[in-house]
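Since the structure comes first, as structure tokens, the remarks are kept for the end.
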There are 2 protein chains.
Amino acid sequence: MDVGLQLTALADPTRRTIYELIRHSSSSVRELTDQMPISQPAVSQHLQVLSSAGLVTATPMGTRRIYSADPEGVALLRAWVDTLWDDVLDSFARRASKEQPQ
Amino acid sequence: MDVGLQLTALADPTRRTIYELIRHSSSSVRELTDQMPISQPAVSQHLQVLSSAGLVTATPMGTRRIYSADPEGVALLRAWVDTLWDDVLDSFARRASKEQPQ
DNA sequence: CCTATTGATAGGTCATGGCTTATGATAAGT
DNA sequence: ACTTATCATAAGCCATGACCTATCAATAGG
């Protein structure tokens, strides 16, 4: 699983708000659609992207599918950003010490 | 400064590799272009996006512009992902305790 | 000065992706 | 069984964005 999937999934504003809704409380596709200014298929497509990024999971409940936030995708993203953070800080510190060797 | 800028900036694979190069060591546009299979204008455009996301900064050195990693953008991204992580974990725990009330 | 190097900007092309409507599949209620 | 509700998939449309070539501004060096 590539971190690019999480980044592209969360890069879209509409997908971010959908994800925020799910993160707030697990909901069905209908509930999500009712809170969005877009069509139901559009929501389903966004959910597909979020799902393949490991950010949400679907559990069938009768005729509905309840989408919940999945920690897995966030964990991957978080790990990547953390290494990024460490490296950038390190590189920043090295650069600063070289600019002002005195 | 919106976190969407960082996400869209890092969502593109080419831009991620450019950012990785800069993160590894500050470089000029020419150095970056020489390590990339794309044209110099394309690199400049990517640098523009990374710059407006607060991920890199440019410092003129003669006729060249040295691009360096900027901690600011990463800090914002990291903060956002961290709150995401906490909320998702919390929501996950609550969901788990409700599913198995026994 | 004149030339060469560096890098940003403009304009144009093409693929990608986000949205729509239409349709099909599945499960629940009467 | 029939209808209704929910959701996914298909096909098509259109804006966005990633790339190109061409060009210009600015600095450095002969």
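Values below: all heavy atoms of this structure, side chains included; hydrogens, waters and symmetry mates excluded. Naming convention: chains lettered A, B, ... in sequence-line order (proteins, then strands); numbering from 1 in each chain.
Here the straight-line distance linking atom CD1 of I66(A) with atom CZ of R64(A) works out to 5.0 Å at 0.5 Å rounding.
In terms of the side-chain hydrogen bond (donor to acceptor under 3.5 Å, both in side chains) criterion, T33(B) has no residue partners (sequence neighbours excluded). Taking the salt bridge (charged side-chain N to carboxylate O under 4.0 Å, His left out) definition, one finds that D86(B) meets it with nothing, sequence neighbours left out. For E72(A), there are no side-chain hydrogen bond (donor to acceptor under 3.5 Å, both in side chains) partners, not counting sequence neighbours.
A donor-acceptor distance shorter than 3.5 angstrom exists from the side chain of S27(B) to the backbone of S25(B), with no hydrogens or angles considered.
In this model, the phosphate group of dT6(C) is not approached by any side-chain N or O of Y67(B) to a distance below 4.0 Å at OP1 or OP2. Contact check, R65(B) against dA8(C): a side-chain N or O comes under 4.0 Å of OP1 or OP2.
A salt bridge links D34(B) with R30(B); the closest basic N to acidic carboxylate O contact falls under 4.0 Å. Salt bridge R94(B)/D90(B): present, at least one basic N to carboxylate O contact under 4.0 Å.
Shown are L10(A), L76(A), V49(A), L77(A); of these, the side-chain contact (heavy atoms from CB on, under 4.5 Å) with L55(A) is made only by L10(A).
A donor-acceptor contact closer than 3.5 angstrom is absent between the side chains of Q48(B) and S52(B).
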If you restrict it to nitrogen or oxygen atoms, what contacts under 3.5 Å exist between nucleotides 24-27 of chain C and the protein, and what is each distance?
none

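Linking Ile, Leu, Val, Met, Phe, Trp and Tyr residues whenever their side-chain heavy atoms come within less than 4.5 Å places L21(B) and V74(B) in a single cluster.
Taking every heavy atom of residues 2-24 of chain B and every atom of DNA chain C, no pair lies under 4.0 Å. Residues of residues 29-55 of chain B that place a heavy atom closer than 4.0 Å to DNA chain C, in numerical order, are V29(B), R30(B), Q40(B), P41(B), S44(B).
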